[in-house]
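Here is the structure we will look at, set down as structure tokens.
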Amino acid sequence: MTDTQVRLPLPPFTLETAIEKVRLAEDGWNTRDAAKVALAYSLDTKWRNRAEFANNREEAEGFLARKWKKELEYRLIKELWAFGGNRIAVRYAYEWHDDSGNWFRSYGNENWEFEADGLMKRRFACINDMPIKESERKFFWPLGRRPDDHPGLSDLGL
């Protein structure tokens with residue numbers, strides 16, 4: 001995809017297109033392919049992720065590469081929280097373990113703002129990590145896209 005192409009669906013979002021945009025973002029992040037995922041963001045994207053800031057697509061890609069090197073067996077579920085115009089708010093949870101085998105469930109909220117071409121211009125994330133036992137995991141699918149029949153956050157009581 002070049003920067004002159006569009007990234008469907010486009011704003012302004014309807015309920016259906018906002019849900020679709022959220023699922024596409026979830027699917028992308030579950031690939032753990034930093035270069036591919038970064039293409040969903042504008043060249044001058046602005047991010048805040050915990051205490052880390054990215055000021056362009058290249059920095060966002062670097063952040064993602066570092067993230068998935070540390071967060072092993074990463075599985076993510078996102079859920080639409082609210083939307084309007086060119087903005088979407090999501091809540092999400094993901095499970096992962098570190099290189100010592102310690103498991104975590106990370107909970108968060110994101111606010112997204114999109115350009116007319118469907119690329120994400122701004123992303124602000126708040127995240128909390130909760131240590132869990134491996135036996136407390138809830139996200140069981142092969143690495144990659146969450147199957148359509150796997151429960152979402154609300155279905156799992158999260």
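Note that the structure is predicted; figures quoted are calculated from it, not measured.
Side-chain atoms of Arg123 and Asn49 form a donor-acceptor pair, as typed in the model, at a separation below 3.5 Å.
With sequence neighbours excluded, the residues that form a side-chain contact (heavy atoms from CB on, under 4.5 Å) with Ile19 are Leu15, Leu80. Residues passing the side chain to side chain donor-acceptor pair (under 3.5 Å) test with Lys21, sequence neighbours excluded: none. Partners of Tyr92 under the ring pair (Phe, Tyr, Trp, His ring centres under 6.0 Å) rule, at least two apart in sequence or in another chain, do not exist in this structure. Residues forming a side-chain contact (heavy atoms from CB on, under 4.5 Å) with Asp27 (at least two apart in sequence, or on another chain): Arg23, Arg145. The side-chain contact (heavy atoms from CB on, under 4.5 Å) test applied to Arg50 returns Glu71, Tyr94, Ser106, Ile127, Asp129, not counting sequence neighbours. Residues satisfying the salt bridge (Lys or Arg N to Asp or Glu O under 4.0 Å) test with Glu52, not counting sequence neighbours, are Arg66. In this structure, the ring pair (Phe, Tyr, Trp, His ring centres under 6.0 Å) partners of Trp68, at least two apart in sequence or on a different chain, are Trp29, Tyr74. Every residue meeting the side-chain contact (heavy atoms from CB on, under 4.5 Å) condition with Ala35, not counting sequence neighbours, appears here in chain and number order: Asp33, Glu61.
Between Ala34 and Ala65, the shortest heavy-atom distance links the atoms CB-N, 3.6 Å. Heavy atoms only, all atoms of each residue included: Leu119 and Ser42 are closest at CB-N, 3.8 Å. Between Leu64 and Val37, the shortest heavy-atom distance links the atoms CD1-CG1, 3.6 Å. Scanning all heavy atoms of the two residues, the minimum distance from Ala116 to Pro11 falls at O-CD, 4.1 Å. Taking every heavy atom of both residues into account, Trp112 and Ala25 meet most closely at CH2-CB, 3.6 Å. Of all non-hydrogen atoms in Arg146 and Pro151, the two that sit nearest each other are NH1-O, 3.7 Å.
Thr17 contributes no side-chain N or O that, together with a main-chain N or O of Leu10, makes up a donor-acceptor pair within less than 3.5 Å. Side chain of Arg48 to main chain of Ala125: a donor-acceptor pair is present (N/O by atom type, distance under 3.5 Å, no hydrogens or angles). Under the 3.5 Å distance criterion, the side-chain polar atoms of Asn86 are matched with a main-chain donor or acceptor of Phe114. When atom types are taken as modelled, the side chain of Thr31 and the backbone of Gly28 share a donor-acceptor pair closer than 3.5 angstrom. Judged purely by atom type and a 3.5 angstrom limit, Asn109 has no side-chain atom pairing as donor or acceptor with the backbone of Cys126. Distance alone, capped at 3.5 Å, is enough to place a donor-acceptor pair between the Arg57 side chain and the Ala38 backbone. Looking at Arg122, its side chain never comes within 3.5 Å of a backbone N or O of Lys46 through a donor-acceptor pair. Here the side chain of Arg75 pairs a donor or acceptor atom with the backbone of Glu73 at under 3.5 angstrom. Between the Glu26 side chain and the Lys78 main chain, a donor and an acceptor come within less than 3.5 Å of each other.
Under the 4.5 Å side-chain heavy-atom criterion for ILVMFWY residues, no single connected hydrophobic cluster contains both Phe104 and Ile132. Follow the hydrophobic side-chain contacts under 4.5 Å out from Met130 and you reach Trp103 in the same cluster. The hydrophobic clustering, which links ILVMFWY residues whose side-chain heavy atoms are closer than 4.5 Å, places Phe83 and Ile77 apart. Cluster annotation: Tyr107 is not connected to Trp96 through the hydrophobic network of ILVMFWY side chains, with a link wherever side-chain heavy atoms come within less than 4.5 Å.
Taking CG from Leu156 and CZ from Phe139, the interatomic distance works out to 6.0 Å, rounded to the nearest 0.5 Å. To the nearest 0.5 angstrom, Glu115 atom CD is 10.5 Å from Leu43 atom CG. Rounding to the nearest 0.5 Å places OH of Tyr41 at 14.5 Å from CD of Glu59. Expressed to the nearest 0.5 Å, how far CG of Asn30 lies from CG of Leu76 amounts to 5.0 Å. To the nearest 0.5 Å, the span separating NZ on Lys69 from CG on Asp99 amounts to 12.0 Å.
For residues 132-144, no pair satisfies side-chain hydrogen bond (donor to acceptor under 3.5 Å, both in side chains), with sequence neighbours left out.
Remark: Asp44 engages Lys121 in a salt bridge, criterion side-chain N to carboxylate O under 4.0 Å. Between Glu79 and Arg91 there is a salt bridge, since a side-chain N of the basic residue sits under 4.0 Å from a carboxylate O of the acidic one.
For the pair Arg7/Leu39, a side-chain contact is recorded, criterion being any heavy-atom separation below 4.5 Å from C-beta on.
Phe124 belongs to no multi-residue hydrophobic cluster, having no ILVMFWY side-chain contact under 4.5 Å with any other such residue. Members clustered with Leu24: none, using a 4.5 Å side-chain heavy-atom cutoff among hydrophobic residues. Applying the under-4.5 Å side-chain rule to Ile, Leu, Val, Met, Phe, Trp and Tyr, the cluster around Trp81 consists of that residue alone.
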